[in-house]
Amino acid sequence: QSKQNGKGCFTFFSQPLFQTANEKRRLADDLLRGIENREFIAYYQGQYNAETHRLVGAEALARWAHPKRGLVYPDMFIDLADSLGVTGEIDAMVMEHALETKQFWADKGLNIDRVSVNVSAKRLSDRDLIPGLKAMDFDPSHLTFELIESTFLDRSAPQVAANIRRLREMGIEIEIDDFGTAYASIVSLTHLLPNRLKIDRELILPVTSSEHQRELVHSIIHIGRTLGIGVVAEGIESLEHAEILRVMGADILQGYAFSRPMTREKFFTHHAKGSRFHVA
Ligand code: C2E
Ligand code: MG
Ligand code: MG
Ligand code: MG
């Protein structure tokens with residue numbers, strides 16, 4: 001084998017690759033184990049009325065509470081979960097956590113209009129999604145599903161369109177996440193109207209430095225207005241971002257300037273103090 005012949009060369013170039021593949025395999029096994037053990041929880045990030053800065057909602061963001069690695073972020077596991085076809089199970093755990101959390105806050109006197117959860121294409125095309133939700137005991141009018149553009153506009157999956165309609169009938173709101181990063185088909189939007197567009201932070205971040213970017217974002221907000229639906233802006237990192245987006249007519253703001261994603265306990269403390277805006 002080549003291992004015996006060009007040992008130094010083989011070791012130098014191939015071992016890192018071998019380790020990477022091996023690591024990926026181990027992470028995959030670990031992920032399936034973590035799902036089995038229900039190790040996924042959510043952190044929460046506030047969403048605020050653009051005019052008043054009042055807290056109106058919270059986005060639940062998946063975190064893997066790993067027994068050895070500590071807290072693992074979505075960029076480490078969502079793509080892998082997608083490739084293994086198990087993202088829907090993570091989504092479901094996060095949704096349960098979010099519904100519990102809304103009640104946890106309400107019991108302490110912190111009432112918000114809704115919680116938002118991210119829903120993968122996998123979960124949205126699941127035939128059991130609607131029956132599963134209907135079997136649960138919760139108020140659907142307090143729940144928003146965030147779908148990325150590609151999921152929302154996927155015409156190859158008829159189950160997706162059917163499920164979106166049924167979700168809307170149940171009272172669950174639909175928001176298009178990361179809007180502006182994929183293929184924004186206005187025609188598809190008019191066929192299957194969401195409740196809100198959520199403009200991606202890649203588009204929001206440069207508005208403080210570029211007139212061109214401001215115009216771009218303004219035109220997206222105008223599309224929302226024309227369709228008669230709400231507009232959310234994520235990636236609000238400064239008061240200046242918040243002010244620009246308010247003037248341009250965004251309805252809801254989310255970003256580090258208001259609050260970072262945090263545990264539900266910290267979220268409660270943060271908002272119970274009445275603190276809304278945190279700019280360094
Ligand atoms: P997303 O849904 O667009 O979530 C917003 C991401 O932006 C979060 O990263 C959040 O921490 C980050 N963020 C919020 N405000 C700011 C800001 O002001 N500046 C900057 N630079 N970043 C900000 P996170 O929690 O790492 O999540 C990353 C992505 O992972 C999410 O993007 C979503 O696509 C995916 N994800 C998270 N949880 C779930 C889940 O339960 N299910 C599914 N399917 N995907 C999830
Ligand atoms: Mg989201
Ligand atoms: Mg987003
Ligand atoms: Mg995003």
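In each ligand, atom 1 is the first atom listed, and ligand 1 is the first ligand listed.
- Partners of Arg127 by salt bridge (Lys or Arg N to Asp or Glu O under 4.0 Å), not counting sequence neighbours: none found.
- The Mg ion (ligand 3) has an N, O or S atom of Glu234 under 2.8 Å away, backbone or side chain.
- In this structure Arg63 satisfies the salt bridge (Lys or Arg N to Asp or Glu O under 4.0 Å) test with no other residue, sequence neighbours excluded.
- Only side-chain heavy atoms of Asp177 come within less than 4.0 Å of ligand 1; its backbone N, CA, C and O stay farther off.
- Close N/O approach between Tyr73 and ligand 1 is not found [any backbone or side-chain N/O within under 3.5 Å].
- Every atom of ligand 1 is numbered from 1 in the order shown, and the set under 4.0 Å from a heavy atom of Pro261 is 11 (O).
- A salt bridge links Arg225 with Asp251: the closest approach of a Lys/Arg side-chain nitrogen to an acidic carboxylate oxygen falls below 4.0 angstrom.
- In this structure, Glu59 is part of the shell of residues with a heavy atom less than 4.0 angstrom from ligand 1.
- Counting atoms of ligand 1 from 1 in the listed order, those under 4.0 Å from a heavy atom of Asp91 are 40 (C), 41 (O), 42 (N), 43 (C), 44 (N).
- Asp178 contributes atom OD1 as its closest N/O/S atom to the Mg ion (ligand 3).
- With Leu147 as the partner, the side-chain contact (heavy atoms from CB on, under 4.5 Å) test is satisfied by one option alone out of Asp178, Asp177, Ile164: Ile164.
- Angle subtended at the Mg ion (ligand 2) by Glu146 OE1 and Asp177 OD2: 90°, rounded to 10 degrees.
- With a heavy-atom cut-off of 4.0 Å, Gln254 does not touch ligand 1 at all.
- Which parts of ligand 1 touch Val94 is read off a 4.0 Å heavy-atom cut-off, strictly below it: atoms 41 (O).
- Under a 3.5 Å cut-off, the side chain of His270 and the backbone N or O of Ser259 do not form any donor-acceptor pair.
- For ligand 1, the atoms lying closer than 4.0 Å to a non-hydrogen atom of Ile78 are 43 (C), 45 (N), 46 (C).
- Interface atoms of ligand 1 facing Thr87, defined by a heavy-atom separation under 4.0 Å, are 44 (N).
- No N or O atom of Leu61 sits closer than 3.5 Å to an N or O atom of ligand 1.
- In this structure, Asp75 does not count as a contact residue of ligand 1, since none of its heavy atoms falls inside 4.0 Å of the ligand.
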